[in-house]
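Heads up: the structure comes next, in structure tokens.
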Amino acid sequence: MEPTTTSDPAPAHAGDQSREQWSSKIGFVLAAAGSAIGLGNIWRFPYVTGENGGAAFVIVYLACIAFICLPYLLAELALGRRSQKNPVGAIKAVTGRTPWMLVGGLGILTGLFILSYYGVIAGWTFGYIFKNVVSPDTAFADFIATPGLVLPLFALFLGSTAAIVQGGVEDGIERAAKVLMPILLVLMLLVIVRGVTLEGASAGLSFYLNPDFSKIGSGAIVAALGQAFFSLSLGMGAMVTYGSYLPEKENLLSAGGYVALFDTGIALLAGLMIFPAVFALDGNPQAGPTLVFDVLPGLFQQMPLGTSVGMLFFLLLSVAALTSTVSLMEVVVSYCMDERHWSRSKSVAVVTGGAFAFGFPAALSQGISPTLTDMTWLVGESGVLGATDFLGIMDTIWGNISLALGALLLCVFAGWVWGVADAAAEIRSGAGAFAPGAAQVWGMFIKYVCPLVILVVLLDAFQVI
Ligand code: PFF
């Protein structure tokens, strides 16, 4: 998935050979799937599903992916490939210097903030590779409240991300991902088999697979849409940036389709891995962000070679998280390089410093600092859409609302300012199957359906309607 690095300024259109490009379609699909598949699938999807009632939530989630995210993903890819730029540069390239560039700017900021707290959680997964060997009896709540553990782990993870991005991106990661992602899948299947055969697992299966729509309130729909954007790395221009390395001959429809398919498949499997085990092991499906870290180690204990399986699992989860943090950092770095004309080293250093500065309070907010752990003094008893700790608040603001807002604005931009005709023409290049009729339907989604749905969901989240 290595776009070979060149220091030339990017050209205005994909036809120019000087722009760095993916070596192959599979390279792009792996890079984009590597960005999409991460903690969002295995850590966030199960706990958000648990908090929002299970199976009915999953159905709403799937509808969000199919009807909102997939059309929108194509728009991000088309904008990236057309302009061959980072999100700010992309908007400038197709319409000139207009306030719309601020939408790209929001994406860059969102990338930086998500990177900051995501790196903290990724640090936990890294620590969990060894935790069950070194100190199996330490509870998760104690683990994340130990500054001597979480801060170095966070720094280590951010440092690893920086090293990869500094390398001019990731031949290594591509090769590693090609081997490790399939192993993650096999391991997940193994853990699923063990989980569903535990006594008492069927209650979990029914929670996950039998929908009860009375559990779906507007909060669940906000969460489903936010989760869908987060999981597919949408709404902040990551796919604009990755799409900018795609050559004109590639088929955006099938490439985007594969990414969505892989990402959704892994999320669904993660639910199957967690919920039967939660019920069998008497856990609480509504435990929130601690769910995966509490439940899985209990499950591993019930497996032959459980300690090794556990180590391998958290190692692979760390790799999945790393391919996501690389993409988060790459978006901000590509902006600094293209628009600020900084060197790659300077960009990586500044972005890493910024992410550490904002991640630091997030790392302290899980029990180390009472002020950051319970921020009701600032956000009131109901918190920010329920979140009252610094990390949770960051996740809600940047990982949920800002992605939805960014997607809303980018949809309006693509549909009304850039124009669906141009965007569709870009998609058609390399995708003959995108017939005029299909393009028209897609245009309706981008102009009307997607923005309206996202707007309603956002207004509802803020209780405006
Ligand atoms: N999609 C990643 C995950 O599911 O873990 C998180 C993410 C990466 C979000 C990159 C946004 C992004 F630009």
Side-chain angles (χ1 to χ4, degrees), residues 1-14 16-24 27-28 30-32 34-35 38 76 79-81 83-93 101 104-116 118-119 122 154-177 233 236-247 319 321-359:
M1 59 182 163
E2 143 111 90
T4 43
T5 313
T6 88
S7 54
D8 292 342
H13 193 270
D16 192 317
Q17 292 307 308
S18 65
R19 172 68 175 178
E20 39 187 301
Q21 292 193 336
W22 306 109
S23 53
S24 62
F28 163 77
L30 273 173
S35 166
E76 275 207 19
L79 180 63
R81 188 172 69 178
S83 64
Q84 307 233 321
K85 290 282 192 181
N86 70 85
V88 174
I91 290 173
K92 191 166 63 179
M101 284 162 59
L106 176 68
I108 308 294
L109 264 187
T110 306
L112 178 67
F113 284 116
I114 294 182
L115 176 62
S116 71
Y118 194 98
F154 170 46
L156 197 70
F157 204 88
L158 218 46
S160 314
T161 307
I164 291 162
V165 176
Q166 171 60 34
V169 203
E170 41 206 64
D171 228 353
I173 277 271
E174 173 175 2
R175 260 188 240 134
S233 305
M236 50 155 278
M239 292 299 164
V240 175
T241 308
Y242 274 23
S244 75
Y245 306 129
L246 268 173
V319 173
L322 194 61
T323 51
S324 298
T325 48
V326 163
S327 74
L328 285 162
M329 190 178 276
E330 179 66 18
V331 171
V332 193
V333 164
S334 75
Y335 163 79
C336 296
M337 290 171 66
D338 284 354
E339 308 300 318
R340 306 257 145 222
H341 306 294
W342 293 355
S343 68
R344 185 168 273 274
S345 315
K346 177 175 173 186
S347 309
V348 169
V350 170
V351 175
T352 305
F356 193 79
F358 291 107

* S244 OG to D338 CG distance, which is reported to the nearest 0.5 Å -> 8.0 Å
* Indicate the ring-plane relationship of F113 and F358, choosing parallel, tilted or perpendicular according to the 30° and 60° boundaries. => perpendicular
* Asked: Any side-chain heavy atom of V240 within less than 4.5 Å of one from K85?
  -> no
* Would you confirm whether R81, through its side chain, and P247, through its main-chain N or O, come within 3.5 Å as a donor-acceptor pair? => yes
* To do: Identify the two heavy atoms, one from V333 and one from S347, that lie closest to each other, and give their separation to 0.1 Å.
  => CG1-CB, 3.9 Å
* Can you tell me how far CG of L158 sits from OH of Y118, rounded to the nearest 0.5 angstrom? -> 13.0 Å
* Asked: If we only count heavy atoms from C-beta on, is the M337 to S343 side-chain gap below 4.5 Å?
  -> no
* Asked: Sequence neighbours excluded, which residues qualify as side chain to side chain donor-acceptor pair (under 3.5 Å) partners of T110?
  -> S402
* **Under 3.5 Å: donor-acceptor pair, side chain of R344, backbone of V165** => yes
* Asked: What pair of heavy atoms forms the shortest contact from S334 to N86, and how long is it?
  -> OG-CB, 3.3 Å
* Go through the steps to decide whether E330 and T241 satisfy the test side chain to side chain donor-acceptor pair (under 3.5 Å), and finish with yes or no. => CA-CA 8 Å; E330 179 66 18; T241 308; over 6 Å; no
* **Separation of L109 CG from I114 CD1 (nearest 0.5 Å)** => 11.0 Å
* Heavy-atom closest pair, residues G104 and I91 -> N-CD1, 3.7 Å
* Could you tell me the separation between the CG atom of L30 and the OG1 atom of T323, rounded to the nearest 0.5 Å? => 10.0 Å
* Can you check side chain to side chain contact (heavy atoms under 4.5 Å, CB included) on T352 and M329, steps first, answer last? -> CA-CA 8 Å; T352 305; M329 190 178 276; 3.4 Å; yes
* Asked: Which atoms form the tightest heavy-atom contact between A90 and L79, and what is the distance?
  -> CB-CG, 4.0 Å
* Would you please test L115 and T325 for side chain to side chain contact (heavy atoms under 4.5 Å, CB included) and show each step? => CA-CA 6 Å; L115 176 62; T325 48; 3.8 Å; yes
* To do: For V332 and G111, work out which heavy atoms get closest and say how close.
  => CG2-C, 4.1 Å
* To do: Could you grab the distance from atom CD of E339 to atom CD1 of I108, nearest 0.5 Å is fine?
  => 8.0 Å
* **Set of residues satisfying ring-ring contact (aromatic ring centres under 6.0 Å, His included) with respect to F157, sequence neighbours excluded** => none
* Structure fact -> Heavy atoms of L112 and V351 approach each other most closely as CD1-O, 3.8 Å
* Going through the checks in order, is the side chain to side chain contact (heavy atoms under 4.5 Å, CB included) test met by K346 and C336? -> CA-CA 9 Å; K346 177 175 173 186; C336 296; over 6 Å; no
* Test log, rule side chain to side chain donor-acceptor pair (under 3.5 Å), inputs S233 and S35 -> CA-CA 7 Å; S233 305; S35 166; 2.9 Å; yes
